[in-house]
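Counting convention: from 1, in listed order, for ligands and their atoms alike. What you see below is based on every heavy atom in this structure, not just the backbone, and it leaves out hydrogens, waters and symmetry mates.
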Amino acid sequence: MIPAPFTYLRVSSVQEALDALAEFGDDAKLLAGGHSLIPLMKFRLATPKVLVDISGITELSGVSLEGDSIVVGATTRHATLEHSPVVKEHCGLLAYTASLVGDPQVRNRGTIGGSVAHGDSASDLPVSLLAMDAQFTVQSRTGTRTIAAAEFFLGFWQTALTPTEVLINIKVPRQKQGWSYQKFTIRSQDWATVSTAVYGKSVALGAMADIPMRATAVESALAQGAEISEAALLADHNTSPSSDTRASADYRRHLARILTEDGLRESLTRH
Ligand code: FAD
């Protein structure tokens, strides 16, 4: 449970972070809240030689309104999203989802950028961001690009970020649709056994495959006028849930259908 030796580098601007990534390449890892990376390092599943701490970069943190969007800086902490009056008013789904991440200690350290860059399908925020078609702004020394949530998550702990890129911010729509986030856990504060986010007629699932995924069969059925109860039965179509100590694959499929039905119904009452 002791990490391999590493050098710690604290940077104060995005440029300094990009320079460090360019200099150390695959040997470097960005450190935000450390609540996913440090445990991995303790288990020696990650052994970066250089940790580049971006948590002090002020330009990466905070929430602002831009037209029809809310722009959330990558190092904005879960607790900030949970309590921000702006997020609560304009994007209830994001504030509520953040409030269900781990426990208060986790929410006070963990960041939205770290959560999505970690790329775990059982994480909460990626599921809601996928349902909202969030846009991710990333920067390297050669420029800036925007990645749609649907193209960001590539596989187990794998995202579209390259080793020399920093996630800068995440753009979500100001809420105009009904929403819901349903999370089933075995213990009161835990990773999702299965989760479902609903935003209007968009439905996303967590922990039903290696990556968070859209429940496209449900979305198509709704678009064709199916009743909620009928559409929700399709929630596990094209999913590949695992069987593990939390649940069997069959039980996860069952949960996906139940949570999707509950989420779709609740979304009619939450705006
Ligand atoms: P870090 O651990 O610092 O980094 C994670 C990864 O992202 C690293 O690879 C890092 O290099 C990369 N990274 C970070 N920031 C950037 C950036 N701006 N650009 C590019 N790459 C970046 N999460 C849930 O969703 N639900 C839970 O119920 C939950 N429970 C938890 C319980 C415990 C006890 C713990 C320790 C964690 C839990 N988490 C849970 C995880 C938590 O949400 C983490 O905070 C989050 O997954 C990672 O955010 P971080 O800021 O800590 O990232």
Side-chain angles (χ1 to χ4, degrees), residues 1 3 6 8-11 13-14 16-18 20-21 24 26-43 45-57 59-61 72-82 94 96-130 136-140 144-145 147 152-153 156-170 181 183-195 197 206-207 212 246:
M1 296 295 273
F6 60 88
Y8 173 81
L9 195 63
R10 188 169 170 83
V11 293
S13 69
V14 171
E16 280 180 45
L18 292 173
L21 291 181
F24 299 108
D26 285 346
D27 285 341
K29 268 279 181 199
L30 297 177
L31 177 74
H35 268 51
S36 290
L37 182 55
I38 301 291
L40 288 187
M41 289 172 64
K42 286 184 170 177
F43 285 116
L45 293 171
T47 51
K49 294 196 172 59
V50 183
L51 274 192
V52 182
D53 185 349
I54 57 170
S55 63
I57 304 179
E59 65 196 283
L60 280 185
S61 176
V72 182
T75 60
T76 306
R77 298 190 192 282
H78 308 318
T80 304
L81 296 175
E82 176 185 3
L94 188 59
Y96 180 69
T97 306
S99 78
L100 296 186
V101 175
D103 53 40
Q105 276 179 308
V106 174
R107 297 197 289 277
N108 278 322
R109 289 300 305 168
T111 67
I112 186 170
S115 179
V116 298
H118 181 53
D120 186 335
S121 150
S123 292
D124 296 296
L125 288 164
V127 183
S128 291
L129 293 171
L130 183 62
F136 302 93
T137 309
V138 308
Q139 194 176 331
S140 70
T144 301
R145 63 184 180 124
I147 309 171
F152 188 82
F153 303 102
F156 183 69
W157 290 353
Q158 269 188 312
T159 70
L161 282 168
T162 68
T164 54
E165 285 178 322
V166 176
L167 176 63
I168 303 295
N169 64 42
I170 295 164
Y181 183 68
K183 176 179 183 179
F184 183 90
T185 56
I186 291 176
R187 298 169 296 190
S188 68
Q189 292 171 331
D190 200 1
W191 299 91
T193 304
V194 174
S195 65
R246 282 194 165 83

Report all side-chain donor-acceptor pairs from residues 34-42 shorter than 3.5 Å, counting only partners two or more places apart or in another chain.
residue, atom, partner, partner atom, Å
H35, ND1, G33, O, 3.3

**OP:** Might you confirm whether atom NZ of K183 has over 12 heavy atoms from other residues, nucleotides or ligands at distances under 6.0 Å?
**Re:** yes
**OP:** Please work out which of the three classes, parallel, tilted or perpendicular, describes the rings of W157 and H118, given edges at 30° and 60°.
**Re:**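 Taking W157 first and then H118, their aromatic rings sit tilted (interplane angle of 30° to 60°).
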Original post:
Can you list every salt bridge (charged side-chain N to carboxylate O under 4.0 Å, His left out) pair that touches residues 73-82, not counting sequence neighbours?
Top reply: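 Checked against salt bridge (charged side-chain N to carboxylate O under 4.0 Å, His left out) - neighbours excluded - the pairs reaching residues 73-82 are E82-R107.
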Original post:
Where the side chain of S115 meets the backbone of I112, is there a donor-acceptor pair that is under 3.5 Å apart?
Top reply: no
**OP:** Apply salt bridge (charged side-chain N to carboxylate O under 4.0 Å, His left out) to D53 and list each qualifying residue two or more places apart in sequence or on a separate chain.
**Re:** R10
Original post:
Around ligand 1, what residues show up once you keep those with a heavy atom under 4.0 Å from it?
Top reply: K29, L30, L31, A32, G33, G34, H35, S36, L37, I54, A74, H78, V101, G102, V106, G110, T111, G114, S115, A117, H118, S123, D124, L161, V166, L167, K183, D190, W191
